[in-house]
Structure formats: C-alpha cells, structure tokens
2 protein chains.
Amino acid sequence: MKQTEQQEFYMDAEQFLKNVAVDNVILGYHDKELKVLLQKPFIVNKWTITGGHIRKTESIEEAASRIALERTGLKDLFLEQFRSFGSPNRAKDETFNAKSITEKTGFEIPPDLWIFDYFVTVGFYTLTEFSKVAPTKGAYDDDCQWWPINELPPMLFNHENMIQEALKALSVNIAHHPIGYELLPEKFTLPQIHALYESILGKSLDDRNFSRKLLVNGILIKLKETKKIGAHRSPFLYTFDKEKYDLGLQNGDVLVF
Amino acid sequence: MKQTEQQEFYMDAEQFLKNVAVDNVILGYHDKELKVLLQKPFIVNKWTITGGHIRKTESIEEAASRIALERTGLKDLFLEQFRSFGSPNRAKDETFNAKSITEKTGFEIPPDLWIFDYFVTVGFYTLTEFSKVAPTKGAYDDDCQWWPINELPPMLFNHENMIQEALKALSVNIAHHPIGYELLPEKFTLPQIHALYESILGKSLDDRNFSRKLLVNGILIKLKETKKIGAHRSPFLYTFDKEKYDLGLQNGDVLVF
DNA sequence: TAATATTCCGTTAATTTGACGGAATAAAAA
DNA sequence: TTTTTATTCCGTCAAATTAACGGAATATTA
C-alpha cells in the first residue's frame with residue numbers, strides 16, 4: 001500500500017456508513033458447475049466474497065449493484081438479498097488484525113482502525129452469465145477470479161458459510177423464480193438447463209420429467225436452430241418466453257423439482 | 001422527556017452500533033385474525049414496529065431477541081430474518097426531525113442527533129402465542145399494543161411496508177416450516193389451525209383437504225380430549241408431534257396449500 | 001460400417017389434488 | 001321434549017400430476 005493509497009483509505013471512511021456493509025455472492029455457471037467470483041485482498045492471505053461499504057448517498061441495493069459492476073463490468077444484474085450477518089465475533093479471524101497486516105504489508109495500521117469494527121453485512125447473491133463477466137479486482141485486492149463452488153480456497157471470516165447460505169436460499173427461490181434466465185446464455189439447450197438445475201439443487205433430475213415440467217408451463221420457446229456439440233446428436237436450442245417467465249413470478253405458483 | 005432521560009439517551013448511543021439497527025414484526029394470532037405488536041414512541045404521533053439498536057457486544061439475533069423479550073416478556077421466541085432495509089431516504093418522514101420533535105416534547109434536540117442518521121435495519125419477524133404476551137412499552141414509548149393486521153394505525157417510515165414484506169415472507173416460509181407451533185397454544189383444534197392458515201395465506205382452504213394434508217404428513221397428534229366451544233359439537237384437540245415437525249424442515253419437502 | 005455418446009420422445013402405474021355431500025354433535029330456542 | 005342452528009368431521013370419486021422406465025434417432029470418431 002502506497003502512502004497516497006493509505007490516505008484515501010482513511011478519507012474514504014467518511015463517505016461510508018459505519019458498522020454495516022454489503023457482501024455479494026456472485027454466481028456464474030460454466031463447465032457444468034456453479035462458480036463463485038472471489039477476491040483476494042492484499043492485506044490478508046485469504047479470499048473473500050465480493051463486498052464493500054455503503055455510501056451515505058445510496059441504498060443497500062445500489063451499493064451491492066455498484067460493487068457488482070466494479071467486479072464484473074456488468075450493469076443491471078439480477079441481485080437478491082438472502083440474509084444479513086452480524087455478530088461481534090464475526091471479525092475474529094487470526095489473520096485479520098493490525099499486527100499481522102503490518103507484518104505482511106510493512107505498513108503501520110492502527111489497531112482500532114474502523115475496518116476492524118463490528119460490521120453487520122447484508123448478504124446478496126447475484127446471478128450472472130459466466131461468459132459475459134470480466135473479473136476485475138478492486139483497489140485493495142491483488143486478485144479476483146472464479147472458483148468452483150466445490151473447491152473453494154481458504155476464506156476469511158464466515159465467508160464460506162455465507163456462500164452455503166446463499167446457495168441454500170437460491171435452491172429455495174428456484175421454486176418461485178425461473179433462475180435460468182440470468183445464468184444461461186440467451187440461447188441454450190435442454191441438457192444445459194437440465195444440468196444447471198441439477199447443480200443448483202444438488203441432486204439428479206430425470207431428464208424426461210424435467211423437460212416436460214418446463215415445457216408444459218410454457219416458459220421455453222423451442223427454436224428451429226440446433227447447437228453443434230461435436231460427436232453427438234445436435235440438441236435444439238431454446239430461449240425463454242420473457243412474458244410468461246415474468247408472469248410466473250406473480251401468480252405465486254411453485255415449481256417443485 | 002426529563003433531563004436525566006435525555007442524558008441517558010445520549011450516553012447510550014456509545015454502546016450501540018451506528019447506522020444499523022433491528023426491526024421486528026411481532027405477530028400473534030387471536031380472534032381468528034393475525035395481530036402485530038406495535039409501539040408508539042412519544043416523540044412522534046405515529047406507530048412503529050418494535051425495534052431497537054444493536055449493542056456492540058451482541059449479535060443481530062441477540063439484539064432482536066432482547067428487544068422482543070422487553071416487549072413481550074417471553075424468552076426463546078421463534079424469530080426469523082426476512083429482509084434488510086436501507087436507503088438514505090428511508091428516514092424522510094415529515095414528522096420525524098428535530099424541529100417537530102422539539103415542538104411536541106418541548107425539548108431541545110440537535111438536528112444532527114444520531115437518531116436521524118441513515119439506518120440500515122435488519123428485519124425479523126417473530127411468531128408468538130398471543131395469550132402469553134404481556135405487551136410492555138419501552139422507555140421512550142407511551143404505548144405498546146396489538147393491532148389487527150388489516151386495521152393498522154398511521155405508521156412511521158416504511159413500517160407498514162415492512163409488515164407487508166414480513167407477511168409475504170411468512171406465507172412463503174409456511175411451505176417449508178409448519179408455522180402453527182409458534183402461533184397456536186399447545187393444544188388446539190383442527191378448525192383453529194385451519195383458520196390460522198387461511199389468514200396467513202389470505203385465501204380460503206377446503207377444510208377436508210386441508211386436514212387431510214396435515215394428517216397424512218403426520219405432524220399432528222390427535223388427543224382424546226375435546227374442547228368445549230359452547231353451542232356446538234366439541235372439536236377434538238390436537239398437538240404437534242415435535243419430532244416429525246422438526247424433521248419436516250430438513251428433508252426440504254414442501255407443503256403447498 | 002460399426003461403435004459411442006448424447007438427445008429426445010412416450011407410456012403406464014401410483015399418488016396427489018380438487019371438488020363435493022351429508023351424518024354427527026352440542027347447546028339454545030321453541 | 002323436540003326442533004333449530006351452528007359447527008365438526010369423515011369419505012368418495014374424477015382429474016391431474018408425478019415417478020419410474022426403455023428405446024429410437026442422431027452426429028461424430030474409430
């Protein structure tokens with residue numbers, strides 16, 4: 001951390017709310033598995049989910065959106081609150097304190113700096129189309145990249161638990177909101193959306209029953225095109241019927257798989 | 001507000017987190033309708049849902065619990081987060097500012113007092129057994145009482161909306177968690193729980209189909225006793241099978257009514 | 001031309017849902 | 001004592017949905 005950077009670090013604090021911040025589990029889907037976008041702050045040897053502080057001029061949703069935009073380059077992402085976390089012990093991570101940060105960075109940090117305060121964080125999850133995301137690290141990070149949900153690196157605080165909670169909320173919400181729209185490319189095949197649901201729900205779903213359920217409720221439109229997938233029969237492409245898709249939410253009907 | 005009270009008011013601030021608090025929609029069920037416990041702070045002519053600040057030594061759940069205990073006299077209440085709210089405009093209520101509070105209370109209030117800050121609030125709802133609750137006002141309230149969900153008094157900030165959100169979350173959660181346990185007395189009749197579900201879901205449910213669904217899944221135990229209800233056939237009493245009740249949660253099965 | 005991996009369609013039995021009628025009971029009214 | 005009234009509570013049946021399963025079609029590579 002350079003001198004000027006540290007000054008910003010202090011000054012910035014004035015613009016933000018104290019004791020409360022947002023954390024955002026940014027999810028993408030690639031290679032038949034869910035991935036989460038993580039960042040590695042350079043003051044500590046652990047990874048964190050993306051997150052940041054709330055400006056005094058913005059709502060919590062705006063804060064989460066702004067930070068998601070910084071990390072992904074994408075606007076208007078699908079974003080949903082799933083839980084807030086707050087406990088005085090939460091920040092008790094042996095690697096996150098003035099002493100060990102000074103050892104690592106060589107920079108003097110007051111032990112009562114505001115970043116060590118008790119923070120309540122409002123947890124969001126964001127669904128993104130993997131291929132559109134350009135992972136971008138923040139000013140205080142030395143890395144930012146996708147990690148498979150099942151092979152996470154060592155994480156700071158309770159962030160691994162927060163990811164689990166986000167996934168649990170997602171697998172509940174999937175019954176009320178057809179998730180695929182945000183996680184899949186515009187055109188996709190039945191096997192693709194089938195595999196997506198399997199990885200979110202963590203169980204295998206009979207392919208015939210699965211597609212029947214999606215097709216009868218009418219949110220999918222079958223296209224004339226097929227997708228070339230190499231040495232196999234070419235699957236048809238589908239796209240969402242946005243109107244029916246949005247409608248499905250309101251009627252309060254439930255899709256149980 | 002007396003002099004000493006005001007001093008406390010200032011001093012207390014140091015013990016609490018800034019910019020973040022909890023709000024708690026305490027629900028009870030009585031006379032075939034849902035009721036919500038509201039308080040009326042004496043600094044303003046509107047009602048609020050119960051809520052308060054978070055001590056630096058407690059988690060958000062502990063804060064919500066502590067405040068619920070203060071208002072109801074009950075420990076170990078069923079408490080669930082449903083959403084957090086935060087927007088810089090949230091506290092923009094024409095009746096909530098230093099000037100109009102001074103007019104009402106005759107006490108000098110600095111216009112930048114911390115209570116006017118931007119607060120993110122973590123929203124909980126609590127399910128209580130109506131008859132066990134002893135509504136108790138806080139140090140800064142002049143009243144605390146039950147209000148029927150459908151006849152609410154004028155409310156401060158976005159509190160009416162928060163109640164709606166809590167109810168929406170409850171009606172979703174009811175599919176994953178058998179709610180009755182917290183809202184009904186230990187022994188209750190089928191018509192009672194039937195009416196409870198109707199008022200939570202806001203629609204009428206065929207009594208025969210309703211009881212069939214509850215009985216096949218086995219969470220109810222039929223007792224030998226009946227309940228005297230005056231000039232009518234005496235309904236049998238039931239109680240929850242706590243084990244199966246808790247089990248229902250885990251298996252991820254869904255009860256759609 | 002055969003082998004392989006994948007898509008995709010259809011049937012059937014079991015289960016669940018939705019819609020409905022009518023007998024039993026407790027007390028009050030006649 | 002009998003009738004009326006309001007409420008509990010049980011059962012049936014048709015329709016819809018779910019779960020389980022096999023096999024033909026297709027696109028490539030061997």
Side-chain angles (χ1 to χ4, degrees), chain A residues 31-33 174-176 178 180 184-185 187-199 201-239 248 251-257, chain B residues 31-33 174-176 178 180 184-185 187-199 201-239 248 251-257:
Chain A
D31 257 354
K32 299 201 172 182
E33 65 181 1
I174 207 175
H176 303 273
L184 293 172
K187 298 172 181 181
F188 53 88
T189 68
L190 283 183
Q192 275 181 298
I193 191 172
H194 177 228
L196 169 62
Y197 271 70
E198 285 190 332
S199 44
L201 294 174
K203 64 180 179 187
S204 63
L205 303 168
D206 183 277
D207 59 341
R208 292 150 289 191
N209 296 336
F210 174 79
S211 55
R212 174 160 32 114
K213 183 166 271 180
L214 274 190
L215 291 171
V216 297
N217 101 357
I219 56 171
L220 292 190
I221 297 172
K222 185 176 186 172
L223 303 176
K224 292 267 159 53
E225 318 164 54
T226 58
K227 183 178 183 184
K228 289 263 178 290
I229 55 160
H232 307 293
R233 177 171 180 176
S234 307
F236 281 96
L237 285 166
Y238 289 79
T239 185
N251 302 1
D253 42 349
V254 181
L255 273 190
V256 185
F257 286 99
Chain B
D31 255 355
K32 299 203 171 181
E33 65 180 2
I174 208 176
H176 303 273
L184 292 171
K187 299 173 180 180
F188 53 88
T189 68
L190 283 184
Q192 275 182 298
I193 191 173
H194 177 228
L196 169 63
Y197 272 69
E198 286 190 332
S199 45
L201 295 175
K203 63 181 180 189
S204 64
L205 302 168
D206 183 276
D207 60 340
R208 292 150 288 191
N209 296 337
F210 174 79
S211 53
R212 181 180 42 187
K213 185 165 270 180
L214 275 190
L215 291 170
V216 297
N217 103 353
I219 55 172
L220 292 190
I221 297 171
K222 183 176 186 171
L223 303 176
K224 293 265 160 52
E225 319 164 54
T226 58
K227 183 177 183 184
K228 288 262 179 291
I229 55 159
H232 305 292
R233 178 171 180 176
S234 307
F236 281 96
L237 285 166
Y238 289 78
T239 185
N251 301 1
D253 40 350
V254 180
L255 272 190
V256 185
F257 287 99

- Interatomic distance, NE2@B:H194 vs CG@B:N209, rounded to 0.5 Å, equals 9.0 Å
- How far does CD1 of A:I219 sit from OH of A:Y238, to the nearest 0.5 angstrom? 12.5 Å
- Query: Rounded to the nearest Å, what distance is computed from the CG atom of residue A:N209 to the P atom of nucleotide D:dG22?
  - Reply: 13 Å
- Report the distance from atom CG of A:L220 to atom C1' of C:dC8, rounded to the nearest whole Å. 15 Å
- Query: Has A:K228 got a side-chain N or O lying under 4.0 Å from the OP1 or OP2 atom of C:dT7?
  - Reply: no
- Item | Under 4.0 angstrom between A:K213 side-chain N/O and D:dT18 OP1 or OP2 | yes
- Item | Interatomic distance, B:L190 CG vs C:dT25 C1' [rounded to whole Å] | 16 Å
- Measure from the side-chain N and O atoms of B:D206 to the backbone N and O of B:R208, and report whether any donor-acceptor pair falls under 3.5 Å. yes
- Query: Would you say the side chain of B:R212 and the base of C:dG18 hold a donor-acceptor pair, judged only by whether the two atoms sit under 3.5 Å apart?
  - Reply: yes
- Round to a whole Å and report the spacing from CD1 of A:I229 to P of D:dT29. 12 Å
- Task: Please round to 10 degrees the angle between the axis of the first five pairs and the axis of the last five pairs in the helix from C:dT1-D:dA30 to C:dA30-D:dT1.
- Result: 10°
- Minimum-distance pair of heavy atoms, taken over all atoms of B:Q192 and B:K227: NE2-NZ, 3.6 Å
- Item | Under 3.5 Å donor-acceptor, B:K32 side chain and B:S199 backbone | no
- A:F257 backbone acceptor or donor facing A:K203 side chain under 3.5 Å: yes
- Query: What's the CG-C1' distance between A:L205 and D:dT18, to the nearest Å?
  - Reply: 13 Å
- Message: Quick check on B:K187: does its NZ atom have over 12 non-hydrogen neighbours (other residues, nucleotides or ligands) under 6.0 Å away?
- Response: no
- Contact list for DNA chain D against residues 230-238 of chain A - heavy-atom distance below 4.0 Å: A:G230, A:A231, A:H232, A:R233, A:S234
- Taking atom P of C:dG10 as reference, at what distance in whole Å does atom CG of A:D206 sit? 15 Å
- Query: Rounded to the Å, how far apart are A:I193 CD1 and C:dT6 P?
  - Reply: 20 Å
- Task: Using whole Å, report how far CZ of B:F257 lies from C1' of C:dT16.
- Result: 13 Å
- Note on the structure: Comparing nearest nucleotides in DNA chain C, the 5'-proximal residue of the pair A:S211, B:D207 is A:S211
- Of all the choices, D:dT18, C:dC20, C:dC9, which nucleotide is nearest to the side chain of A:R208 once you look at every atom? C:dC9
- Please determine if a side-chain N or O atom of A:K222 lies less than 4.0 Å away from the OP1 or OP2 oxygen of C:dC9. yes
- Query: Atom NZ of B:K224 and atom CZ of B:F236: how far apart are they, to the nearest 0.5 Å?
  - Reply: 9.5 Å
- Note on the structure: Taken to the nearest 0.5 Å, the spacing of B:L184 CG from B:T239 OG1 works out to 10.0 Å
- Query: Could you state the interatomic distance from CG (A:L196) to CZ (A:F188), rounded to the nearest 0.5 Å?
  - Reply: 9.5 Å
- Which of these nucleotides, D:dC9, C:dT7, D:dC21, is closest to any side-chain atom of B:P191? D:dC9
